[in-house]
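Everything numeric in this text was worked out from a predicted model, so none of it was measured.
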Amino acid sequence: MSQTNEIHDIYEYPKKRRLGFFKICKILFYIFLIIGIIITFIIGYYSYQLYKELSPQVQAMIDYHPNEITQVFDSKGRLIANLFDEEYRFYAKYDEIPGRVIEALLAVEDTMFFEHDGVNIDAIIRAILKNLINMRYMEGGSTLTQQLVKNMLLTSDKTLDRKVKEFLLSIRAEQVLSKEQILERYLNYIFLGHGYYGIKTAALGYFKKDLSQLSLKEITMLVGIPKSPVKYDPTKNLRHSLNRANAILKRMYDLGWISQAEFQQSIKDVPKVYNQTLTQNKAPYVVDEALRELSNIPDLKSGGYKIYLTIDMDYQEAAREALIKGYENIKYRIADSEQQSRKWKRLPALSESELQEFSRENANTLNGAIIVTNPHTGEIIAMVGGVDHNQSSFNRATQASRQFGSAIKPFVYQIAFNKGYSPAEIVVDSPKRFGKWIPNNDTKNYLGPVSMQTALEKSLNIPTIDTALKITEPALYSGLVEFGFDNFPKDLTVVLGSLSITPIKAAMQYSLFSNYGTIVKPYIVAKIVDPKGRETLFQTIQSTVTTPQQSFLITSILRNIVQKGTGYRARVNGIQIAGKTGTSNLSRDAWFCGFTPDLQAIIWYGRDDNTPIGGRAYGGNVAAPVFADFITKALAINPGMQRAFKTPSGVYQQQIKNELIYYTDTSRINFEQIEQTERLKEADNILW
């Protein structure tokens, strides 16, 4: 019996062991199943939370609107400047990008781009093995999609969390964006050195070419830059850039994407590379002013706008050259005056080096401005707000309010003519006292009774005051307000130019004469086009304040001022010019306000600290020659300019004594007064 039990135990023991093993396996299975479910749940929950977190970022890729350069053009469509905030970028639509650019990019970055779904597992495993074998980082397995996601949405931190996000976002990006959209975003987002963002920007910057004009070698140079924008910047390291491009060409050839002939020809090619400034700003004072006028547009420098100005760069350069030449003339006059002063004081003359140092120090605060307009439309054709924008960006053409001096006088006489006085009206040039104020003429000489025409031609102070008294002070002030002047002193000093004005405001005021009685406000922005092609147009504001006939009476006298008066240095042969000089107290400001039938220019010189200019500078000897210089250049630019002013119908002329007087139907010519004045002069009864 015991033997039988032993045999039974022998057979039953393995069976029990097998049942125990299966039981353990079953338990382990359930344990691992539960763990797997838990892990799956955790991963699923984490992925869900991560997906919710990343959804706005995915949407940012879909709604990608990068900063773009705003460009400024002149009236002929020539580029003046590129404007940008943080990123210098021209955006290129996918249709603009040549196929060769895509091929070169994929050859070096992601050959299987059109086959994978955002992540290339084979490439990742291959890269891991290669890096392990070499015990150092040799290559990465990131796709173009992963690179775009990392650069656009994530950081470069080498953490597991960032890699998981990159993985998920890349897959999601391929679900919501087409391959073409991903390539478009990548090629516009990437940084290509030298401050350039995007392939189109780099093509224009390095090679001055549109994408469609690039050679194969130029393309491979560009797509090779993102690996190391500093090392492969062709303006800094051309040899490295060419070697990198040649390696990409070899890769394209090995893939069979280019022929042997293309490969051999491109290997030898060494393109011309341009090292350009980013803004390319050719008229900084002009661009600054345009930005001020458009300051209500929040994304002006990053929205990809095209701004078209009224400026003509040919005239702009002519104006700049004329202003600088006048500036150098003043410096010479100041230096010469110093040498003469030392001679009179019997001091040794300054040496050449001492004279240069004196001139340099004395010119620290000296500056000037010029603004050229079309007097009939208000378009600003040229504007220079200082002699050196790098030294001072303060725009004196639009921001410097300075005393107008005798340049105000034509407006006083215009008020008188509008009230029926004629240019032949007699006013008296003799010493006068007004309380404690004793005005006098610059020459300290007095001519006695003269016509209003002569008084304005010679810029006599006392007759101008006499004219103001004839029309009465209230009428004077209301007349100036009607013409657009404001914030001026309500006393007789205003007729001698005590009021302050900016050159751009002076340009508006003088259009009263140059535009035959209608004042036009100068403007510099012609139109602005947004990235969608929608245009916003700009134009002048105008106001008619007198008739063409009445305003021409002043124009006829201003022509005489240039022909034989204080503005004679503004004369240019072959064209009629009208204008008025102006000099403020102690020669702190020197003006010339002149115009031809087609152009008007306001020129100002002075010191930024409002001290006297020095060098015996007046409007007639420092500002008027600048006008002549500019008009001479303008005639070379446009020989078809009108050469003579048109006399409006209803304007008549008559020789009265030694003067040719223009008058209108409303002008009162007091011949009895004229005759009486002449008899007194001939009898020498009055000494002047």
Atom [atom1] of [X]: over 12 foreign heavy atoms under 6.0 Å:
| X | atom1 | answer |
| --- | --- | --- |
| Lys521 | NZ | no |
| Gln642 | CD | yes |
| Asp486 | CG | yes |

Ser241/Lys236 under side chain to side chain donor-acceptor pair (under 3.5 Å): CA gap, chis, key distance, verdict:
CA-CA 9 Å; Ser241 178; Lys236 299 175 181 176; over 6 Å; no

Who pairs with Arg239 by salt bridge (Lys or Arg N to Asp or Glu O under 4.0 Å), at least two apart in sequence or on another chain?
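Arg239 satisfies salt bridge (Lys or Arg N to Asp or Glu O under 4.0 Å) with no other residue.
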
Return the [atom1] to [atom2] distance between [X] and [Y], rounded to the nearest 0.5 Å.
| X | Y | atom1 | atom2 | value |
| --- | --- | --- | --- | --- |
| Ser215 | Met221 | OG | CE | 8.5 Å |
| Asn573 | Arg643 | CG | CZ | 10.5 Å |
| Ile102 | Leu183 | CD1 | CG | 4.5 Å |
| Leu79 | Asn281 | CG | CG | 9.0 Å |
| Arg244 | Leu242 | CZ | CG | 13.0 Å |
| Ile370 | Glu321 | CD1 | CD | 11.5 Å |

Judged by modelled atom types alone, do [X] and [Y] share a side-chain donor-acceptor pair under 3.5 Å?
| X | Y | result |
| --- | --- | --- |
| Asp299 | Tyr305 | yes |
| His389 | Asp288 | yes |
| Thr611 | Asp609 | yes |
| Thr502 | Lys505 | no |
| Glu184 | Tyr91 | yes |
| Asp598 | Thr596 | no |

Sub-3.5 Å donor-acceptor pair from the side chain of [X] to the main-chain atoms of [Y], do we have one?
| X | Y | answer |
| --- | --- | --- |
| Tyr605 | Leu323 | yes |
| Ser295 | Arg292 | yes |
| Arg89 | Glu68 | no |
| Asn364 | Glu361 | yes |
| Asn515 | Thr518 | yes |

Heavy-atom pair with the smallest gap, counting every atom of [X] and [Y]:
| X | Y | result |
| --- | --- | --- |
| Phe90 | Tyr88 | CE1-OH, 4.3 Å |
| Ser302 | Thr70 | N-OG1, 4.2 Å |
| Val384 | Ala397 | O-CB, 4.1 Å |
| Gln316 | Ala283 | NE2-CB, 4.0 Å |
| Ile575 | Met641 | CD1-CE, 4.1 Å |

Once the angle between the rings of [X] and [Y] is folded into 0 to 90°, is it parallel (under 30°), tilted (30 to 60°) or perpendicular (over 60°)?
| X | Y | answer |
| --- | --- | --- |
| Phe73 | Tyr308 | parallel |
| Tyr196 | Tyr206 | perpendicular |
| Phe483 | Phe411 | tilted |
| Phe191 | Tyr197 | tilted |

Presence of salt bridge, Asp312 and Arg78, under 4.0 angstrom:
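Answer for the salt bridge query: yes.
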
Note: Asp314-Lys76 ion pair, threshold 4.0 Å (strictly below)
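Here Asp314 pairs with Lys76 in a salt bridge, since their nearest N and O are under 4.0 Å apart.
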
CA sep, side-chain torsions, deciding dist, call: Ile307, Leu300, side chain to side chain contact (heavy atoms under 4.5 Å, CB included)
CA-CA 10 Å; Ile307 303 170; Leu300 183 62; 3.9 Å; yes

Is the shortest side-chain heavy-atom distance between [X] and [Y] below 4.5 Å?
| X | Y | value |
| --- | --- | --- |
| Leu216 | Asp269 | no |
| Leu558 | Phe595 | yes |
| Ile311 | Ile380 | yes |
| Phe358 | Ile334 | yes |
| Val562 | Phe592 | yes |
| Thr373 | Met508 | no |
| Asn329 | Val626 | no |
| Gln414 | Ser551 | yes |

Starting from the C-alpha separation in whole Å, work towards a yes-or-no answer on side chain to side chain contact (heavy atoms under 4.5 Å, CB included) for Lys282 and Glu317.
CA-CA 9 Å; Lys282 299 173 184 175; Glu317 182 59 21; over 6 Å; no

Do [X] and [Y] have their ring centres less than 6.0 Å from each other?
| X | Y | result |
| --- | --- | --- |
| Phe645 | Phe513 | no |
| Phe630 | Phe627 | no |
| Tyr523 | Phe538 | no |

Would Arg185 pass as a cation-pi partner of Tyr64, given that its NZ or CZ must be under 6.0 Å from the six-membered ring centre and within 45 degrees of the axis?
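Checked: cation-pi criterion not met.
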
Qualifying residue for side chain to side chain contact (heavy atoms under 4.5 Å, CB included) with Ser511, from Val520, Thr540, Asn374:
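The option that passes is Val520.
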
Out of Ile631, Asn638, Thr632, which one pairs with Leu635 under the side chain to side chain contact (heavy atoms under 4.5 Å, CB included) rule?
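Passing option: Ile631.
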
Excluding sequence neighbours, so at least two apart, what forms side-chain hydrogen bond (donor to acceptor under 3.5 Å, both in side chains) with Thr581?
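By the side-chain hydrogen bond (donor to acceptor under 3.5 Å, both in side chains) rule, Thr581 matches Thr566.
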
The test is salt bridge (Lys or Arg N to Asp or Glu O under 4.0 Å); show your working for Lys325 and Glu328 and say whether it passes.
CA-CA 5 Å; Lys325 184 177 179 180; Glu328 294 298 330; over 6 Å; no

